[in-house]
Amino acid sequence: MGDPSEEITARGEARGDGTRAVRAGLPEPAAYEPTLPGPVFAAHFHLPGDADPLGGPYTYGRDTNPTWTLLERALTELECPAEPGPAAPDSPPRPETVVFASGAAAMSAVLFSQLRQGDTGVLPSDGYHLLHALRDRLTGYGITVRTAPTGGDAQLPFLDGARLLWLETPSNPNLDVCDVRRLAAAAHEQGALVAVDNTLATPLGQRPLALGADFSLASGTKAVTGHGDLLLGYVTCRTPELAADVRAWRKSVGAVPGPMETWLAHRSLATLQLRVDRQAVTALALARLLLDRPDVTGVRHPGLPQDPAHEVAKRQMRHGRYGCVVSFVLPDRAHAQRFLGALRLVSDATSFGGVRSTAERRERWGGDDVPEGFIRFSVGVEDTADLLADVRQALDAAADGAAT
Ligand SMILES: *Cc1c(COP(=O)(O)O)cnc(C)c1O
């Protein structure tokens, strides 16, 4: 096999990630039907006679929706492609994906469906800032929470007796990386389940289930859908049993995605490979530009060969897709504000992964342990040269402001 991004299909053909992304989750072609059926807007479905005790495929809109089903299949195909050829009779059951109204809903579904009073969870002490609030809530429910940083696999010594290990790699916003294979093996030895927040990498950049995780979850609000116009989350579960737990949680808290958002998300997957590849190339070029600037420190991007995260990232991430985020530090708050104000192609906005570049002074939220000049920069799909030129002129303008 020449290109390592190719998958061998049942018929022995090689298919790359771009091909898989445009076809993911599509139903079998049917005459006079659209390729991707439109959103199904339904609170309830015709249900004549007695209710099927097994729930029927589509009964009530909080339980299931045909538009969810197609997106869930698509995400499973991308997170965990099936082995080529017909499944062997003794092969393990296929993973299943459950979609949610947001990434936060997906996070909560894993944490609260798996951890009970008296259990212990091991969380990162860095990572997405909502984890702090979730930790407090878990503790309030009588769950013990241990935390350690993502970098250096520092969660490893805390697994004794744990029920769930939560990893976020690369972590947001500091871009540290941990070795999923190593941590998952150690957690399984302790009988713990492993969840990986795959938001930053996307399923084309990293496949947590193949690295040993039991759950791969993400905020679909970010790079997976990539247009900054919807909120969505999902959890891909290693077994149908784990998926049933997560689905039951979705039903009871009602954190369900709207059919329109779900359909838009599916439509956006077609360009996932184009977007993440362009973003990865530009992000690395931006990180290199920043390294050469005397006014910039603390440049982090897992694709930089000199980055502390690079060795592990190179082993477990796919095809140089190290993500769209570059983080770095400007001398102080005023300098960082001048930089953000001078950018013309980049909005001062939170979130990341969109087709339009954004950047923000992350300390403004107060939730992350970062210096006040810390910038989280999310690279869009603009032409690389245009974006680099804009950053260069904004850095110059911000430095001139310091001199005057
Ligand atoms: C944004 C984000 C979330 C939460 O997702 P929402 O869609 O905003 O609810 C979870 N994890 C990571 C790493 C994120 O960046």
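One-based numbering, in listed order, for ligands and for the atoms of each.
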Can you classify the ring geometry of Phe377 versus Phe339 as parallel (below 30°), tilted (30 to 60°) or perpendicular (above 60°)?
tilted
Between the side chain of Gln114 and the main-chain N/O of Leu111, is any donor-acceptor distance below 3.5 Å?
no
Mind listing the closest non-hydrogen atom pair of Asp197 and Glu168 along with its distance?
CB-CG, 3.8 Å
Indicate the ring-plane relationship of Tyr141 and Phe112, choosing parallel, tilted or perpendicular according to the 30° and 60° boundaries.
perpendicular
Output the set of protein residues with a heavy-atom contact under 4.0 Å to ligand 1, ordered first by chain identifier and then by residue number.
Ser102, Gly103, Ala104, Met107, Tyr128, Glu168, Asn172, Asp197, Thr199, Ser219, Thr221, Lys222, Leu232, Phe352
Does the pair Asp332 and Arg361 meet the rule for a salt bridge (charged side-chain N to carboxylate O under 4.0 Å, His left out), with working shown?
CA-CA 10 Å; Asp332 53 49; Arg361 204 176 60 75; over 6 Å; no
Holding to salt bridge (charged side-chain N to carboxylate O under 4.0 Å, His left out), I want the full list of residues that pass it with Asp348, two or more places apart in sequence or in another chain.
Arg364
